[in-house]
Amino acid sequence: MAHYYFENPLSIDDDFMTIRTRFAPSPTGYLHIGGVRTALFNWLLAKQAGGQFILRIDDTDTRRNLEDTLQPILDGFSWLGLDWDEGPEVGGPHTPYFQSQRLEHYQTAAKRLLASGHAYRDYSSPEEMAAERETAEKEKRDFVYSRTWMAETDEQAAEFESQGRSFVVRLKMPREGKCEFRDVVRGDVSFDWGRESDHVIQRGDGTCLYHLANVVDDHDFEVTHVVRAVEHLSNTPRQVFILQSLGYEMPQYAHVPFVAEPGSKNKLSKRKIDQYLNNKEFKRLYQSGAEIAKRIGVEADPYSFNPVLVDFYRDIGFLPDAVLNYLVLLGWSLDDKTENFSREEMLEHFSADRIVRSEASFDCQKLLSFQASYMNALPLKQKTKMCLGFLQKADLVSDPVACEQGDVISQIVEAAGDRICMAGDILKFDTFFIADEDMEFEDKPFQKRMVKPENAGFLLAEFNKVLNAADSFDAPSLEAELHGFCEAQGVGVGDIIHALRVAVTGKAAGFGMFDTLAILGRQRSCNRIQIALDELAKRVEANQ
RNA sequence: GGCCCCUUCGUCUAGUGGUCUAGGACUCCGGCCUUUCACGCCGGCAACACGGGUUCGAGUCCCGUAGGGGUCACCA
């Protein structure tokens with residue numbers, strides 16, 4: 001970093017400032033894909049500058065079991081490889097990183113705000129407040145609290161209390177002027193102070209609210225860049241007010257657009273799954289995921305398991321890098337061509353000022369396409385390992401796997417090639433793991449390839465003899481055998497190969513025929529052909 | 001409704017006044033390859049929301065309109 005000093009002596013401070021960013025999830029039990037994108041931007045910004053990425057848990061208002069609701073989020077980050085330098089599990093110099101454990105910090109800040117006159121005790125009742133609000137609405141003007149029940153001195157407070165009132169702490173917001181600041185994504189922004197209401201920062205019971213907690217924590221944790229979704233932009237003035245009143249330095253703000261629903265500009269929400277399921281691509285992704293989930297014993301309830309949530313991708317065998325690559329391009333781009341970014345490339349090239357200002361809809365197809373290409377580029381060994389996990393979870397393969405079966409699985413994965421998009425796709429090729437007698441023939445292909453062609457049965461029976469006698473059973477030899485056979489019989493390869501596929505796998509489509517036979521091996525191949533032949537005879541008889 | 005924001009192919013985007021008859025990617029549609037499926041390769045369809053300015057020249061600057069979104073809690 002030192003070289004900056006010589007190249008650009010005017011910005012020493014900037015260059016030597018350690019960038020610290022944070023992501024502050026509420027423990028909700030799931031990790032939202034849009035949240036991950038925001039987290040990714042934060043992570044990139046910190047890491048590319050040698051700074052720190054902090055995970056802070058915003059649990060000021062949760063009564064839920066923290067253990068159950070936080071762990072999935074942490075697991076999600078771990079899976080994605082978005083490591084945090086400070087936060088739960090890893091600790092850090094500003095421990096604790098849970099808002100629920102930092103109440104005294106907020107209370108101290110509230111006290112200071114009270115003492116400096118930037119906040120006041122408010123003795124209004126909720127009903128009185130609501131009435132004022134309603135009146136303002138009726139008169140079609142902005143609601144500005146009359147401050148009728150404001151107590152700035154102990155005497156006033158005592159009087160309200162003698163009326164049996166209790167108080168909350170409200171911000172005494174400025175009533176004129178503008179709040180102006182520069183946002184890395186949105187440029188110069190400005191809000192009229194006069195439109196800001198006197199927000200509550202501390203409840204009657206002494207607990208504190210989000211905005212106060214947020215500002216205090218960002219300051220205590222020395223956060224330099226606040227990168228968050230745009231829905232917080234309109235909250236920013238009150239936070240600026242708090243931080244200025246407390247004498248804190250203002251962080252750099254970057255309000256990034258939210259991730260929108262597939263095919264719309266509404267904010268993506270996990271609550272609207274029903275609606276997204278009407279989207280063709282979304283539904284298709286969900287269904288293929290659900291199918292995999294079902295087979296490996298993961299509960300596939302659409303509300304807790306769907307393409308909006310990160311768990312979904314992990315559970316069905318996506319690659320974290322593919323998800324990240326897709327997400328980094330959702331609202332950010334380097335130039336007009338580059339699409340593929342490894343983690344290192346992201347770190348090298350990401351810059352907040354190239355974040356797009358408009359919201360971006362979530363597109364399953366494009367995510368899938370990244371996944372396909374990343375999976376395809378994965379070395380066979382790793383791909384096999386991933387697939388193996390799914391076979392074991394589906395009880396198709398023992399755990400630990402027998403040595404010779406390991407080789408077979410590797411062969412299957414290799415032969416499957418890019419037909420395996422997500423690792424769970426291996427389950428589509430379960431025919432290799434099923435006992436010959438348990439194999440089922442899909443009806444339509446059986447009819448079309450076996451029953452309908454008159455000579456299918458004959459050719460298959462004859463070729464079965466050839467297979468039985470074949471010298472070697474590897475794919476190239478088998479191919480030679482079949483071609484020789486066809487020539488001798490005076491038929492085309494197409495006249496038998498389809499029937500052969502159906503006989504041996506039960507299905508119309510699959511990967512290379514000779515690979516399939518080789519993997520199955522002589523005994524099983526011949527056995528299956530015989531079973532198919534028997535089935536054919538049965539059906540023909542039934543038809544007569 | 002007030003305030004704020006956004007608006008280039010169906011989707012993600014490039015574009016900072018002049019090779020923009022608007023580029024790339026995903027999808028889709030053809031074709032090739034091929035024993036099926038998939039991949040791959042080649043090709044194609046497809047966009048500057050609208051209306052006014054400013055300018056020799058506007059996707060790019062200004063104003064307005066429309067549409068979309070966010071936000072207005074003792075939630076975060």
Side-chain angles (χ1 to χ4, degrees), chain A residues 24-28 58-62 99 122 124 126 129-130 133 136-137 140-143 167-170 185-186 189-192 194-197 199-205 207-211 213-214 228-237 255 257-258 260 262-267 280-281 326 329-340 354 356-370 372-373 376 416-421 425 428 445 449 479 482-483 486 492-502 505 507-514 516:
Chain A
S26 272
T28 49
D58 281 14
D59 56 350
T60 52
D61 193 49
T62 37
Q99 291 197 325
D122 179 51
S124 65
M129 215 56 183
R133 211 181 293 272
E137 206 165 300
K140 291 194 191 303
R141 58 174 170 81
D142 289 333
F143 165 65
F167 73 93
V168 297
V169 179
R170 303 191 96 101
V185 178
R186 327 209 71 91
V189 290
S190 120
F191 295 87
D192 287 335
R195 293 182 191 286
E196 289 290 319
S197 56
H199 305 280
V200 176
I201 54 173
Q202 187 172 20
R203 298 186 181 93
D205 64 4
T207 60
C208 292
L209 263 20
Y210 169 74
H211 294 289
N214 183 259
R228 46 154 57 152
V230 249
E231 54 257 46
H232 289 284
L233 185 59
S234 48
N235 298 150
T236 307
H255 286 94
F258 54 78
S264 110
K265 292 296 182 194
N266 291 348
K267 193 166 89 176
K280 214 173 76 190
E281 287 76 32
Y326 170 71
L329 289 175
L330 201 56
W332 177 85
S333 71
L334 174 64
D335 55 29
D336 59 338
K337 293 217 164 52
T338 319
E339 290 267 327
N340 293 320
R354 284 193 64 83
V356 171
R357 265 187 294 273
S358 57
E359 53 288 297
S361 343
F362 179 69
D363 180 358
C364 295
Q365 304 252 48
K366 191 141 186 170
L367 173 53
L368 224 33
S369 126
F370 274 110
S373 79
N376 205 220
D418 42 44
R419 290 171 189 83
I420 295 176
C421 173
D425 282 341
K428 289 181 189 164
R449 299 304 191 184
E479 182 161 9
L482 184 77
H483 282 290
C486 287
V493 169
D495 291 326
I496 177 172
I497 204 157
H498 302 293
L500 186 57
R501 180 185 302 283
V502 175
T505 67
K507 293 177 175 141
F511 40 79
M513 191 65 254
F514 306 107
T516 305

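Every chain is numbered from 1 and lettered A, B, ... according to where its sequence line falls, protein lines coming before strand lines. Values below: every heavy atom of this structure, side chains too, minus hydrogens, waters and symmetry copies.
- In this structure, K267(A) reaches the rU71(B) phosphate: one of its side-chain N or O atoms is under 4.0 Å from OP1 or OP2.
- At whole-Å resolution of the value, CZ in F362(A) and C1' in rU13(B) are 17 Å apart.
- Residue S333(A) has its side chain nearest to rA14(B) when only rA14(B), rC6(B), rC74(B) are considered.
- Side-chain nitrogen and oxygen atoms of R354(A) include none within less than 4.0 Å of the OP1 or OP2 phosphate oxygen of rU16(B).
- Among the protein residues, R195(A) comes within range of the sugar-phosphate backbone only, with heavy atoms under 4.0 Å from sugar or phosphate atoms but none that close to a base.
- A donor-acceptor contact shorter than 3.5 Å links the side chain of T505(A) to the backbone of R501(A).
- Under the 3.5 Å distance criterion, the side-chain polar atoms of Y326(A) are matched with a main-chain donor or acceptor of D363(A).
- A salt bridge is absent between E281(A) and K366(A): the closest approach of a Lys/Arg side-chain nitrogen to an acidic carboxylate oxygen does not fall below 4.0 angstrom.
- Whole-Å rounding puts the F258(A) CZ to rG69(B) P distance at 9 Å.
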Sugar-phosphate atoms are those with a prime plus P, OP1 and OP2; base atoms are the rest. Using that split, label each nucleotide of nucleotides 37-44 of chain B B, S or - for protein heavy atoms under 4.0 Å, 5' to 3'. BBS-----

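- The shortest distance between the side-chain N/O atoms of R501(A) and the OP1/OP2 oxygens of rU36(B) is not below 4.0 Å.
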At under 4.0 Å between heavy atoms, how does the protein contact nucleotides 21-32 of chain B? Give one character per nucleotide, 5' to 3', with B, S or -. --BBBSS-----

Please list, for nucleotides 45-50 of chain B, all pairs of protein and nucleotide N/O atoms separated by less than 3.5 Å.
none

